[in-house]
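Here it is, the structure in full.
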Amino acid sequence: MTSDARATTDGGALYYWDYLGLEHLLSAQNPRSDVGGRSAHDELLFITVHQAYELWFKQILHELDDAVHIMNAGHIPEHAMGQVADRLERITAIQRLLLEQLTVLETMTPLDFLDFRDALVPASGFQSVQFRLIENRLGLDVKRRLKIHGSPYTAVLSAEHAELLADAEAAPTLRTGLDEWLARTPFLRFGDFDFWSAYAGAVDTMLAAERDAIRNLESLTEEGRAEQLASLDATADSFQTLFDADRYAELQDRGQRHLSRDAFLAALLINLYRDEPLFQIPFRVLRAVVDVDEGFTTWRQRHAVMVHRMIGGKIGTGGTSGHAYLAAAANRHRVFNDLFDLPTYYVPRSALPRLPREVSAQLRFQFEDDGG
């Protein structure tokens, strides 16, 4: 749209086209292919979808940065945790759009892609700086990152972008903020009531019932019974890592736990007693964190399948192993595995230790009579 066309608006008032910067936005699609003197038809689709991804990544970073800021603030007002949940839930809504965009991209066939794929080398989606920033803001441990030909992930980026990501690696993350917030949960200790001893008793009762059920199940072969009992023994041993600080520290040393023990116990407590009024927003936050982590895992997996469909066993344009790299990253680049492991330690609601009245009262909303 020309300046003459914009001049027809009233008195220089803000114009939709200008507000959204559409002159720049709609001229930013620049195909690189040459097929008989013109660009390949589907290259515009490819560019548009990826630019849309980057716009959504920008919005995700906007939401995530605010959540990270709140979570790492030290003292966090109760109302702010609702805002954290809002930000994370918006991210999960965006993630559903990211998945749907792959469906649009798959309207392009592998032969259509071959019309312009060579023109992309060595550019690659692996070089999405914003997506790497998202991973770093979430708290992905750099030691867990997959390498490319033995080099760190920043080796394929410009020096400016590599420095930006290095700074992000050293900055506070959602994981660090979540850990500190959970560890401050006041209800880890209940005064004279020893919750964790009562919980351990409930666990023993549950495991004993499961062991009896396995032993008495007539349909099991002796081999199958032995396997299930061995698995149950492993589960019982896993519970001991909750009650033994040294055992938990061993898991941390092996990289099998990233949250502090206090934070992990607090997350477990919140999930077990999520129906208590004061735990409902903390539970909403924890569920949203899991949803975000699962959403990116699902997107990586779906992306890997699409790439396999498009290029088969070929290497990626950026030099990775193509779909194999993406599939491996889907498992390797998860951030909140600790929260996914929590159901291992659940017991049925009916078996949960009953909280003392004074503790239960602290977990309920308090309404004072204002005399009106």
Side-chain angles (χ1 to χ4, degrees), residues 182-183 185-280 282-284 286-287 289-291 293-294 297 331 334 336-364:
L182 285 170
T185 298
F187 297 104
L188 277 178
R189 296 161 188 84
F190 296 92
D192 294 335
F193 176 59
D194 189 348
F195 167 77
W196 295 107
S197 291
Y199 168 75
V203 169
D204 289 342
T205 301
M206 178 185 70
L207 293 176
E210 292 182 14
R211 188 170 285 106
D212 287 342
I214 294 171
R215 287 170 175 162
N216 296 324
L217 188 59
E218 296 180 358
S219 61
L220 280 176
T221 65
E222 287 307 311
E223 181 181 2
R225 195 183 320 279
E227 288 179 357
Q228 291 203 20
L229 287 172
S231 177
L232 187 61
D233 287 341
T235 299
D237 185 66
S238 178
F239 272 97
Q240 294 307 310
T241 63
L242 298 179
F243 310 126
D244 187 328
D246 291 336
R247 292 282 305 277
Y248 191 90
E250 290 174 5
L251 294 180
Q252 290 178 300
D253 291 341
R254 295 200 296 266
Q256 294 176 260
R257 284 284 176 266
H258 294 91
L259 291 176
S260 67
R261 181 168 173 264
D262 277 355
F264 191 87
L265 292 176
L268 176 60
L269 185 71
I270 290 166
N271 276 274
L272 290 175
Y273 291 95
R274 67 192 191 196
D275 296 325
E276 296 291 345
L278 289 187
F279 278 166
Q280 289 174 10
F283 172 71
R284 185 179 156 209
L286 291 177
R287 184 172 61 179
V289 169
V290 169
D291 287 344
D293 206 18
E294 181 180 350
T297 299
N331 290 322
R334 290 169 60 181
F336 296 99
N337 282 317
D338 289 359
L339 299 183
F340 282 83
D341 285 343
L342 285 175
T344 306
Y345 309 104
Y346 288 2
V347 297
R349 280 189 177 95
S350 59
L352 281 175
R354 189 177 183 86
L355 297 177
R357 179 173 298 180
E358 61 273 16
V359 173
S360 184
Q362 292 178 60
L363 294 173
R364 299 185 184 281

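When a residue number appears, it is its place in the shown sequence, counting from 1. None of the values given here were measured: they were computed from a predicted structure.
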Self-check item: Heavy-atom side-chain contact between Leu352 and Val347 under 4.5 Å
Solution: yes
Exercise. Search all heavy atoms of Ala263 against all heavy atoms of Leu259 and return the closest pair with its distance.
Key: CB-CB, 4.2 Å
Quiz item: Looking only at atom types and distance, does a side-chain atom of Gln228 sit under 3.5 Å from a main-chain N or O of Arg215, one as donor and one as acceptor?
Solution: no
Quiz item: Side chain of Thr241, backbone of Asp237: donor and acceptor closer than 3.5 Å?
Solution: no
Self-check item: Distance-only side-chain donor-acceptor flag, Tyr345 / Ser238, under 3.5 Å
Solution: yes
Quiz prompt | Over 12 non-hydrogen atoms of neighbours within 6.0 angstrom of CZ in Arg354 | solution = no
Practice problem: Would you give the length of the straight line joining atom CZ of Phe243 to atom CG of Leu265, rounded to the nearest 0.5 angstrom? | Solution: 8.5 Å
Quiz prompt | Gln280 side chain to Asp275 backbone, donor-acceptor under 3.5 Å | solution = yes
Self-check item: Closest non-hydrogen atom pair, Leu207 against Thr235
Solution: CD2-CG2, 4.4 Å
Self-check item: Check: Arg225 side chain, Ile214 main-chain N or O, donor-acceptor pair, under 3.5 Å
Solution: yes
Quiz item: Can you tell me how far the CZ atom of Arg257 sits from the CG atom of Asp341, to the nearest 0.5 Å?
Solution: 4.5 Å
Quiz item: Can you tell me if Arg211 uses its side chain to pair, donor with acceptor, with the backbone of Leu229 under 3.5 Å?
Solution: no
Quiz prompt | Heavy-atom donor-acceptor pair, Arg287 side chain to Asn271 backbone, under 3.5 Å | solution = no
Quiz prompt | CG on Leu286 to CZ on Arg274, rounded to 0.5 Å | solution = 11.0 Å
Quiz item: So, for Arg261 and Leu242, which heavy atoms are closest and what is the spacing to 0.1 Å?
Solution: NH2-O, 2.7 Å
Exercise. To the nearest 0.5 angstrom, please state how far the OH atom of Tyr273 sits from the CG atom of Leu278.
Key: 15.0 Å
Exercise. Calculate, to the nearest 0.5 Å, the distance between atoms CE and CZ belonging to Met206 and Phe239 respectively.
Key: 4.0 Å
Quiz item: Under a 4.5 Å cut-off applied to non-hydrogen side-chain atoms, are Arg247 and Leu251 in contact?
Solution: no
Quiz item: From Ile270 CD1 over to Thr185 OG1, what is the distance, rounded to the nearest 0.5 angstrom?
Solution: 4.5 Å
Quiz item: Does Asp212 offer a backbone N or O that forms a donor-acceptor pair with the side chain of Asn216 under 3.5 Å?
Solution: yes
Quiz item: Any side-chain heavy atom of Phe340 within less than 4.5 Å of one from Val290?
Solution: yes
Quiz item: Do the non-hydrogen side-chain atoms of Leu182 and Phe264 ever get within less than 4.5 Å of each other?
Solution: no
Quiz item: Are any non-hydrogen side-chain atoms of Tyr199 and Leu269 less than 4.5 angstrom apart?
Solution: no
